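Note that this is a predicted model, so its numbers are computed, not measured.
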Amino acid sequence: METYTLLREFADSWFLIAMFSFFIGTWVYAFWPSLQSSHANAASIPFRTEEEECSKNCNTCKCNIDFLRSTQDG
């Protein structure tokens, strides 16, 4: 049997079934009710702010220490 014919038969049968199963599995995972909170958590990542408020003490400020280390290293 020729390689092209073998691959064509595989693509028309088993690979089609595998890809359809993957598609259905992805939809089931995306809309599974118990995973809704993790999807909502992941969707809110771009809107989070993780900046700390200023402590008004520049000698112990974390951003100041990081800046000083970067200038000392070179």
Which pairs count as salt bridge (charged side-chain N to carboxylate O under 4.0 Å, His left out) when at least one residue sits in [range], sequence neighbours excluded?
{"range": "residues 15-26", "value": "none"}
{"range": "residues 19-37", "value": "none"}
{"range": "residues 30-42", "value": "none"}
{"range": "residues 18-35", "value": "none"}

Notebook entry, point to check: Which ILVMFWY residues can you reach from Leu16 by hopping between side chains whose heavy atoms are under 4.5 Å apart?
Noted result: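 Leu16 shares its hydrophobic cluster with no other residue.
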Check: Is Phe22 isolated, or which residues cluster with it under the ILVMFWY side-chain rule of less than 4.5 Å, directly or via members?
Finding: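 Result for Phe22 is none, singleton.
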Show me, pair by pair, the donor-acceptor contacts under 3.5 angstrom made by side chains of residues 5-15, not counting sequence neighbours?
unit_1 : atom_1 : unit_2 : atom_2 : d
Arg8   : NE     : Asp12  : OD2    : 3.4
Ser13  : OG     : Glu9   : O      : 2.8

Donor-acceptor list for residues 28-43 side chains, cut-off 3.5 Å, not counting sequence neighbours:
unit_1 : atom_1 : unit_2 : atom_2 : d
Trp32  : NE1    : Ser34  : OG     : 3.3
Ser38  : OG     : Leu35  : O      : 2.8
Asn41  : OD1    : Arg48  : NH2    : 2.1

